[in-house]
Colleague: 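First the structure, which I've put down as structure tokens, then a few questions once you've had a look.
These numbers were taken from a predicted model, which means no experiment stands behind them.
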Amino acid sequence: MTEAINDWMAGFEARIADIQRKSADLQQNIAASGATATSPDGGVRVTVGPTGALQDLQLSPSTTRYPPAELAGIIMRIAAQAQREAAHRVAQAFAPVAEGTDAMQMLQNFLPPPPEHVSDAPVDGLPGVDDVDEPPRPSTPPPPPPPAAPPRPPRRPSTQDDDDFEQPW
């Protein structure tokens with residue numbers, strides 16, 4: 001009987017050691033699950049942490065050629081790319097600990113979807129830059145504002161004498 005207890009204790013201690021090793025690996029892998037994504041022309045570089053939080057944004061001088069709305073669209077797409085990569089790395093880090101569990105299935109259900117459609121023929125060589133939701137540019141300049149109303153003529157001074165305090169009307 002003592003031998004059975006010793007065997008059980010040895011197995012239990014081995015499982016505990018395995019769980020501790022997996023836990024340490026998980027912590028290390030999650031800490032390293034951040035991601036960096038760069039635009040095709042190298043002008044925008046975004047780094048996010050394991051949670052997808054922005055850690056660094058670098059813009060090269062070449063990005064000044066883009067209008068603000070277009071540059072914002074490029075930054076958002078590159079950030080989303082880095083966030084997707086980080087999320088998938090976190091899921092990979094959890095796999096050895098949670099594979100086959102409901103928790104792993106739930107985590108996989110929350111992984112970001114693949115990127116949406118990107119322009120097939122970008123004008124400037126950057127995927128999707130032409131798809132930025134901008135208000136349509138007017139083909140003709142807007143009409144000038146209507147002229148201001150002419151100034152009103154000054155009021156004529158009153159002809160009544162204000163010294164008539166004695167008469168109520």
Colleague: Around atom CD of Gln28, are there more than 12 heavy atoms from other residues, nucleotides or ligands closer than 6.0 Å?
Modeller: no
Colleague: Ignoring hydrogens and angles, tell me if any N or O in the side chain of Thr47 forms a donor-acceptor pair with the backbone of Asp56 under 3.5 Å.
Modeller: no
Colleague: Please step through side-chain contact (heavy atoms from CB on, under 4.5 Å) for the pair Leu59 and Val44, ending with a clear verdict.
Modeller: CA-CA 5 Å; Leu59 303 175; Val44 176; 3.8 Å; yes
Colleague: What are the two closest heavy atoms between Ile78 and Ser39, and how far apart are they?
Modeller: CD1-CA, 3.5 Å
Colleague: Going by atom type alone, with no hydrogens or angles, which donor-acceptor pairs under 3.5 Å involve a side-chain atom of residues 101-110 and a protein atom two or more places apart or on another chain?
Modeller:
from: Thr101; atom 1: OG1; to: Ala98; atom 2: O; distance (Å): 2.5
from: Thr101; atom 1: OG1; to: Ala103; atom 2: N; distance (Å): 3.4
from: Thr101; atom 1: OG1; to: Met104; atom 2: N; distance (Å): 3.2
from: Gln105; atom 1: NE2; to: Asn109; atom 2: OD1; distance (Å): 3.1
from: Asn109; atom 1: ND2; to: Gln105; atom 2: O; distance (Å): 3.4

Colleague: What are the two closest non-hydrogen atoms of Gly43 and Ser62, and how far apart are they?
Modeller: CA-OG, 4.1 Å
Colleague: Taking 4.0 angstrom as the limit, do Asp18 and Arg21 come out as a salt bridge?
Modeller: yes
Colleague: Work out which heavy atom in Ala35 is nearest to a heavy atom in Ala82; give both atom names and the distance.
Modeller: CB-O, 3.4 Å
Colleague: Might you point out which heavy atoms bring Ala93 and Asn29 nearest each other, and give the distance in Å?
Modeller: CB-CB, 3.5 Å
Colleague: Would you find a donor on one side and an acceptor on the other, under 3.5 Å apart, between the side chain of Ser23 and the backbone of Ile19?
Modeller: no
Colleague: Indicate, with yes or no, if Val90 and Val46 share a hydrophobic cluster defined by side-chain heavy-atom contacts under 4.5 Å among Ile, Leu, Val, Met, Phe, Trp and Tyr.
Modeller: no
Colleague: Using every non-hydrogen atom in the two residues, find where Arg84 and Pro112 come nearest and quote the distance to one decimal.
Modeller: CG-CB, 3.5 Å
Colleague: With clusters defined by side-chain heavy atoms of hydrophobic residues (ILVMFWY) lying less than 4.5 Å apart, directly or transitively, does Met76 cluster with Leu54?
Modeller: no
Colleague: Give the minimum heavy-atom separation between Ala91 and Leu111, together with the two atoms involved.
Modeller: CB-CD2, 4.0 Å
Colleague: Applying ring-ring contact (aromatic ring centres under 6.0 Å, His included), which residue pairs with at least one partner in residues 12-35 are found, sequence neighbours left out?
Modeller: Trp8-Phe12
Colleague: Okay, side chain of Arg45, backbone of Thr36: is any donor-acceptor separation there less than 3.5 Å?
Modeller: no
Colleague: Atom CD of Glu13 and atom CG of Asn6: how far apart are they, to the nearest 0.5 Å?
Modeller: 9.5 Å
